[in-house]
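Reviewing the structure listed below.
Starting from 1, each residue takes its place in the sequence as its number.
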Amino acid sequence: MTQSHSKSRQTAEIAFNSLQAPFFAKNHAMDELEAITQSRDAKTQRLREARHAKEQADQAAATSALLAKRYPMR
């Protein structure tokens, strides 16, 4: 089921494909950049949540230490 095209048709197909290749390459590059951006944003969010959790734990520990110092057990 091989189709045989004229020489001018083959030349036109080659020219068209050479024009389309950079367009699709640009889309692929944009997709890669978008994936990198999403990955970076997700990592930033995880790190921010971890930092907030640590700050809350540190604050709770400091409050407990101050209360223990102020009101020692008898």
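The shortest distance between side-chain heavy atoms of K54 and D58 falls below 4.5 Å.
No more than 12 heavy atoms of other residues, nucleotides or ligands lie within 6.0 Å of CZ in R70, so this atom counts as exposed by the packing criterion.
E55 and Q59 are not linked by any side-chain donor-acceptor pair at a separation below 3.5 angstrom, with hydrogens and angles left out of the test. A side-chain donor-acceptor contact under 3.5 Å links H28 and E32.
Considering OG1 of T44 and CD of E49, their distance stands at 11.0 Å, rounded to 0.5 Å. Here OG1 of T11 is found 10.0 Å from CD of E13. Values are rounded to the nearest 0.5 Å.
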